[in-house]
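We name chains A, B, ... by the order of the sequence lines, and we start the count at 1 in each one. Bear in mind that the values here come from a model prediction, so they are computed numbers and not experimental data.
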Amino acid sequence: MANKEDNLKKITSHSKEYGFVFQSSEIYDGLSAVYDYGQMGVELKKNIKDYWWKAMVGMNENIVGLDASIFMHPTTWKASGHVDAFSDPLIDNKDSNKRYRADVLIEEHVEKIRLKTEKDVAKGIKKFGDDFDEAQFRATNPNVLRNKAKIDDINGRYKIAMDADDMAAIKALIEDLAIACPVSGSKNWTDVKQFNLMFSTEIGAVADSANTIYLRPETAQGIFVNYLNVQKTGRMKIPFGIAQIGKAFRNEIVARQFIFRMREFEQMEMQFFVRPGEEMKWYEHWKLERIKWHKSLGIDEKYYRFHNHIKLAHYANAASDIEFDFPMGFKELEGIHSRTDFDLKQHEKHSGKKLQYFDPELNESYVPYVVETSVGLDRTFLAILSAAYTEEKLEDDKERVVLKLPIFLAPIKVAVMPLLKKDGLPEKAREIFDNLKFDYNCHYDEKDTPGKRYRRQDAIGTPFCIMVDHQTLEDNTVTIRDRDTMEQERVAIDQVESILREKLDIRKALA
RNA sequence: GCGAGAGUAGCUCAGUUGAUAGAGCGUCAGCCUUCCAAGCUGAGGGUCGCGGGUUUGAGCCCCGUCUCUCGCUCCA
């Protein structure tokens, strides 16, 4: 385990050293949980996006793309439930240093009181058997009534406080109820702090609370509010999907573990609109399709597993995660959710617009059900990087660090190098480089010994190196060196392009 | 937010009881001409996280502050 944790450190520093990922605003000591993609990272990230887009939009006739704005009408987030569900009142116990959700503490307290009543009822049943009139007992027993009044009072105060965003009142409630920390047993609490997980800002020149808008915490809502636009203008027939890649923002209380959990991150998601009643069929379909996509990257299957949710979000009736064995253990990489018609219904309600689809086959209109696939782009990036990062022991106790990236995702596809920096070899290598750069990201490198140059390319995951040597000048052949096997193959220069094209073809992966 | 640890060159780090800031690697230039990182010569690079204090004198001692890392709470 310590070894694996070490691995995350190694990947983080390798990422920095070779220009994959830098910490944001590093010259100002950095900004926690925000990262920038460097010259290599931006290429890898772009290739992942393209590959996903190709698999989702390119390969499916009934899926189209969308690029919705990050800013949306504030009512969007009321409708989606994020305004209410995405803000947690938090409180710390000063003695145990444990943090709790204030609402959970209060709920647990209420639950305790409720259990007392149930205990009393159970006692009554035991004592009086069939003669026990439970309904009457619940309606008249002084203890029960007292407890019920307590609960109503607590819930009432809680609701008033929350509706008014009155955190002091929440704290007062916790103190009045004499709730103690389960760990320290003390009632020594900090003030209650509200953590809104959505970032907000103001639109318009004049700051005014009426103009508060949010940075989207998920890209999905942009799809939902556009679903009818796309359906009508694209003449889409159910079932169909809308795919989108975009940034999302969450004000995580604690966000760590490199790019795994960031405040600003990127999602690749697809909302699939289906006939009500058929959602489970499509849910299963997309679970299979999505795991297939991950496995098409060629990473060992043991890195992946499904995790089915038992506790569901407010909008879902089934949910499953594809988890990846990151350096810090199995964690969520992608979520596949059956979101029912919750979101569209909510938007109908809040907008007053009909968001129904007329199904010619059934000759009826309905609000479609939605199956969502949502994969973290940055997490996919980290997954690929951590699976690719390899420290190899070679003969003579030598070591090499190589990124065994899926070759079609590598930032640089081929490096061209002259064996020596003289005898006309650089000119010949340049010629090959200048031709290849139209089709592939290429590097030209003539500095240092060949071995050193190979290792530099290994470190950034370049799958192929083309070496121009003296024989090249005689018979127009070069060697192509393979990143993973380190073996060289001598081929004619005019075959290089077709060889590369075949090796980098994604047909096999996507078939 | 709490607790713990850390902050000196691009990276990894050293820096004694307080006295002109160091190494290795990397980078760049030149030499060498070599197919899997270790040849030679040279150069560049630091207001020691920031601010204040003690002192003739602070990378080092004291106070404050910021940031990062780890743990806890949270995580469609």
Notebook entry, point to check: Counting N and O atoms only, with roles assigned by atom type, does the side chain of A:Glu392 sit under 3.5 Å from a partner on the main chain of A:Val401, one being a donor and the other an acceptor?
Noted result: no
Note to self: I need the CG-C1' distance between A:Asp458 and B:rC36, as an integer number of Å.
What the structure shows: 8 Å
Checklist line | A:Tyr18 side-chain proximity, nearest of B:rC35, B:rA37, B:rC68 | finding: B:rA37
Item checked: Rounded C1' spacing from B:rG49 to B:rU67 in Å -> 7 Å
Margin query: So that I can tick it off, tell me whether A:Asp341 and A:Lys345 are bridged by a salt bridge, with the cut-off set at under 4.0 angstrom between side-chain N and carboxylate O.
Written below: yes
Note to self: Which nucleotide wins on minimum distance to the side chain of A:Leu420, given the candidates B:rU33, B:rC36, B:rU27?
What the structure shows: B:rU33
Note to self: At 4.0 Å (heavy atoms only), tell me whether A:Glu372 reaches a base, stays on the sugar-phosphate, or touches nothing.
What the structure shows: nothing
Check: Does any N or O donor sit under 3.5 Å from an N or O acceptor when you compare the side chain of A:Glu17 with the base of B:rC11?
Finding: no
Check: How far, in whole Å, is B:rU16 from B:rU27 if one measures between their P atoms?
Finding: 31 Å
Notebook entry, point to check: What is the distance, rounded to the nearest whole Å, between atom CD1 of A:Ile460 and atom C1' of B:rG26?
Noted result: 16 Å
Check: Within the distance-only criterion (no hydrogens, no angle test), does the side chain of A:Asp482 pair as donor or acceptor with the backbone N or O of A:Glu487 below 3.5 angstrom?
Finding: no
Check: Say you pick atom P in B:rC61 and the same atom in B:rG7; how far apart are they, in whole Å?
Finding: 11 Å
Next item on the list: Return no unless some side-chain N or O of A:Lys16 is found under 4.0 Å from OP1 or OP2 of B:rC11.
Entry: yes
Item checked: Whole-Å gap separating P (B:rC35) and CD (A:Gln488) -> 10 Å
Note to self: Both A:Asp321 and A:Tyr35 contact RNA chain B. Taking the nearest nucleotide for each, which residue is further toward the 5' end?
What the structure shows: A:Tyr35
Check: For B:rU27, does OP1 or OP2 lie under 4.0 Å from any side-chain N or O of A:Arg456?
Finding: yes
Margin query: Taking only the C1' atom of each, what is the distance from B:rG15 to B:rU34 in whole angstrom?
Written below: 39 Å
Next item on the list: Decide yes or no, distance alone: a donor-acceptor N/O pair under 3.5 angstrom between the base of B:rC36 and the side-chain of A:Arg481.
Entry: yes
Next item on the list: Measure from the side-chain heavy atoms of A:Arg455 and tell me the nearest of B:rA37, B:rC35, B:rU69.
Entry: B:rA37
Check: Side chains of A:Ile322 and A:Arg290: closer than 4.5 Å at any heavy-atom pair?
Finding: yes
Margin query: Using the salt bridge (Lys or Arg N to Asp or Glu O under 4.0 Å) definition, which of the options A:Lys10, A:Arg400, A:Lys404 pairs with A:Glu391?
Written below: A:Lys10
Item checked: Partner of A:Phe272 under ring pair (Phe, Tyr, Trp, His ring centres under 6.0 Å), chosen from A:Trp286, A:Tyr283, A:Tyr369, A:Tyr227 -> A:Trp286
Check: With ring centroids as reference points, do A:Tyr304 and A:Phe324 lie under 6.0 angstrom apart?
Finding: yes
Note to self: Could you tell me how far apart A:Leu419 (CG) and B:rU34 (C1') are, to the nearest whole angstrom?
What the structure shows: 7 Å
Check: Does NZ or CZ of A:Arg379 come closer than 6.0 Å to the centre of the six-membered ring of A:Phe260, within 45° of the ring's axis?
Finding: yes
Next item on the list: Check every atom of B:rU69, B:rU33, B:rC35 against the side chain of A:Pro450 and return the nucleotide holding the closest atom.
Entry: B:rC35
Next item on the list: Can you tell me which stems involve RNA chain B, if a stem is defined as three or more consecutive Watson-Crick or G-U wobble pairs, both distances under 3.5 Å?
Entry: B:1-7 with B:66-72, B:10-13 with B:22-25, B:27-31 with B:39-43, B:49-53 with B:61-65
Notebook entry, point to check: With rounding to whole Å, what would you report as the distance between B:rC25 and B:rA37 at their C1' atoms?
Noted result: 11 Å
Next item on the list: Examine distances only and state if a side-chain atom of A:Thr472 and a backbone atom of A:Thr477 form a donor-acceptor pair shorter than 3.5 Å.
Entry: yes
Next item on the list: With the side chain of A:Lys447 defined as its heavy atoms from C-beta on, choose the nearest nucleotide among B:rC35, B:rC28, B:rA37.
Entry: B:rC28
Next item on the list: Give one of base, sugar-phosphate or nothing for A:Ser13, where a contact means two heavy atoms less than 4.0 Å apart.
Entry: nothing
Next item on the list: Let me know the distance between CG of A:Leu425 and C1' of B:rU34, rounded to the nearest Å.
Entry: 13 Å
Margin query: What is the separation between atom CG on A:Asp448 and atom C1' on B:rU33, rounded to the nearest whole Å?
Written below: 13 Å
Next item on the list: Select base, sugar-phosphate, or nothing to describe what A:Gln221 touches, counting heavy atoms under 4.0 Å on all strands.
Entry: nothing
Note to self: Output the rounded distance in Å from CE (A:Met417) to P (B:rC36).
What the structure shows: 13 Å
Checklist line | P gap between B:rC70 and B:rC63, integer Å | finding: 27 Å
Checklist line | Whole-angstrom distance between B:rG71 and B:rC35, as gauged at atom C1' | finding: 49 Å
Margin query: Check this for me: does the side-chain of A:Asp469 come within 3.5 Å of the base of B:rC35 through a donor and an acceptor?
Written below: yes
Check: Between A:Gln23 and A:Arg339, which is nearer to the 5' end of RNA chain B once each is assigned its nearest nucleotide?
Finding: A:Gln23
Next item on the list: Could you measure between the two C1' atoms, the one in B:rC72 and the one in B:rC48, and give it in whole Å?
Entry: 33 Å
Next item on the list: Rounded to the nearest angstrom, tell me the gap between atom NZ in A:Lys9 and atom C1' in B:rA6.
Entry: 11 Å
Next item on the list: Using the salt bridge (Lys or Arg N to Asp or Glu O under 4.0 Å) rule, pick out the option among A:Lys421, A:Arg453, A:Arg456 that qualifies with A:Asp448.
Entry: A:Arg456
